[in-house]
Protein chains: 2
Amino acid sequence: MTVDQRGGARRRPGRPPRSEAGDTKALLQNAALRLFARHGFAGTSIRAIAQEVGLSESVIYAHFANKQAVFEAVLAEFGPRTHDRGELGPGPAADDPAPYLLALARTALEEWDREEARLLMSLMARDGLLHSAALQEALSAMRHSVEALFERWIEAGRVRRDLGTPQSLALSFTGPIGLTRIMCLHAEATEDQRAAARADILDHVATFNRAVFGGATARS
Amino acid sequence: MTVDQRGGARRRPGRPPRSEAGDTKALLQNAALRLFARHGFAGTSIRAIAQEVGLSESVIYAHFANKQAVFEAVLAEFGPRTHDRGELGPGPAADDPAPYLLALARTALEEWDREEARLLMSLMARDGLLHSAALQEALSAMRHSVEALFERWIEAGRVRRDLGTPQSLALSFTGPIGLTRIMCLHAEATEDQRAAARADILDHVATFNRAVFGGATARS
DNA sequence: ATTATCTATAGATCTATAGATAATGC
DNA sequence: ATTATCTATAGATCTATAGATAATGC
């Protein structure tokens, strides 16, 4: 009788016919991601998640052990990947620093600007996940891989040795990118804000490249 | 009878004698800040706040209209200042860029490493305040004031004009500082993590200064 | 009389479970 | 028989209010 999101009357009791069946678990996880991103874990009720999909709240317990398990499933499905971070594949042009860094940034941007990634960012900016050990590790892994690049470039004479440690250079390069991502590439940002954020990041990379690699890349 | 935080038996009914009176409102706000920082708004109950101070939960309504009002009072008291941002006072040495930027960073660090500021950071990293209009504005104000500095320095020939726009330079300078603050200067960070964060920030500033102002500052 | 606390409680959630119901697939 | 849903409900919170109680300050 009651009209709901799924667009129709409330279901009757009993298993629904094949024609109406969907991937309920996936629908629930998706709804949960959106609601957790908007209202946080404590601010999202089991009831709200089920309602969003147009189902009775008890159906959640057929798919998840409890509310916490829903959150963990969302993180496992959409959460930060631990593997395949930062490397851009085996080696397009890692020995030409400036273009390589630009390509790295572009790749990251493409990944981070996806809706799913933005929802995840909003979720992390609630619930304190920004400070969770998991994210800190993912971030530090990413940072280490960039440090390794600078170390190599210093050895190869592509970066003035007196400029700073590989650690410091890596932070100077990734900092503005990471900050802009956290602050602007989230679920509530408008398309305009996101476009500005992407431009800011690319401008930073260009400025960084000019300051660190000087005219070397452009002229020699 | 029940022992509580304030260290004693539960109060009896009736106004407490002068000897036991404290600034209840301030105590409540302080407890609320800590709990909101740890568990978020929705994850913190009125009950938990009162309990933390060792009072009955109904006492909260003598001091605040409702739960939301507690949150707003906490933000008003501890929240991001809109005024007196970034300027370091009228003018210590704004025309010698490198030392000025270093002083700017040191001042910010001192402010941000205070316990209260760290609690606020944790609070913002829950409840989505990181993406609130209020913080975005505070941040953009800070950024603009740094942009103005770079603009002045470019005009004065202290920064190579072809390096990048004032906007881009400002982001390249403040990005690593802001990111490190958000990620490391929060309530749950250990003293070691915070020390590393402070060192990272100062290293970045040094690297930035060398890359952007080159030997000019050191030698001429 | 006013102020600052308490106790008790109403009413609204919220999580989770038990048990009914109807379609499916063997 | 199994699966995927529902209805109904228990029990635990949670917010907020009403009304009692005792110290304070005039």
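Just so we're clear, the structure is a prediction, and the values are computed from it rather than from any experiment. Below, chain A is the first sequence line, B the second, and so on; all start at residue 1.
- For the pair A:H63 and D:dT5, the criterion of a side-chain N or O lying under 4.0 Å from OP1 or OP2 is met.
- Between B:P17 and B:N66, the residue anchored nearer the 5' end of DNA chain D, judged by the nucleotide with its closest heavy atom, is B:N66.
- Atom CZ of B:R15 and atom C1' of C:dC6 are 14 Å apart (whole Å).
- For the pair A:K67 and A:Y61, the cation-pi criterion (under 6.0 Å, within 45° of the ring axis) is not fulfilled.
- Using a cut-off of 4.0 Å between Lys/Arg side-chain N and Asp/Glu carboxylate O, B:R106 and B:E110 are scored as not salt-bridged.
- Ion pairing of B:R181 with B:D113 is absent here, as no side-chain N (NZ or NE/NH1/NH2) approaches a carboxylate O to less than 4.0 Å.
- Between the P atom of D:dC14 and the CG atom of B:L35 lies a distance of 12 Å, rounded to the nearest Å.
- For B:E57 and D:dT17, the CD to P distance is 13 Å, given to the nearest whole Å.
- Between the CG atom of B:D23 and the C1' atom of C:dA4 there is a distance of 13 Å, given to the nearest Å.
- Comparing C:dA23, D:dC6, D:dT15 by their closest approach to the side chain of A:R12 singles out C:dA23.
- No side-chain N or O of B:H204 forms a donor-acceptor pair with one of A:S168 less than 3.5 Å apart.
- Taking every side-chain heavy atom of A:L55 into account, D:dC6 is the closest of D:dC6, D:dA4, D:dA16.
- C:dC26 atom P lies 12 Å from atom CZ of A:R18, rounded to whole Å.
- In this structure, A:L28 places its CG atom 12 Å from P of D:dA4, rounding to the nearest Å.
- OP1 or OP2 of D:dT5 has not a single side-chain nitrogen or oxygen of A:S56 nearer than 4.0 Å.
- Nucleotide C:dT17 holds its C1' atom 18 Å from the NZ atom of A:K67, rounded to whole Å.
- D:dA12 and C:dT13 make up a base pair, with Watson-Crick or G-U wobble contacts both under 3.5 Å.
- Across the protein-nucleic acid pair, B:E20 atom CD and C:dA4 atom P stand 15 Å apart, rounded to whole Å.
- Phosphate proximity of D:dA16 to B:R47: absent, as no side-chain N or O sits under 4.0 Å from OP1 or OP2.
- Proximity of B:S45 to the phosphate of D:dT13: no side-chain N or O atom is located under 4.0 Å from OP1 or OP2.
- Salt bridge status for A:K25 with A:E77: absent, with no side-chain N to carboxylate O gap under 4.0 Å.
- Residue A:V59 has its side chain nearest to D:dT5 when only D:dA18, D:dA8, D:dT5 are considered.
- Neither OP1 nor OP2 of D:dT7 sits under 4.0 Å from any side-chain N or O of A:R11.
- Of the candidates D:dA8, D:dA4, C:dC14, the closest approach to any side-chain atom of A:S58 belongs to D:dA8.
- Salt bridge annotation for A:E191-A:R194: present, with a cationic side-chain nitrogen under 4.0 angstrom from a carboxylate oxygen.
- Nucleotide C:dA22: paired with D:dT3 (Watson-Crick or G-U wobble, both distances less than 3.5 Å).
- Each of B:S19 and B:Q68 was matched to the nucleotide of DNA chain D holding its nearest heavy atom; the match closer to the 5' end belongs to B:Q68.
- Relative to the side chain of A:Y61, the nucleotides D:dT5, D:dA23, C:dT17 differ in distance, and C:dT17 lies closest.
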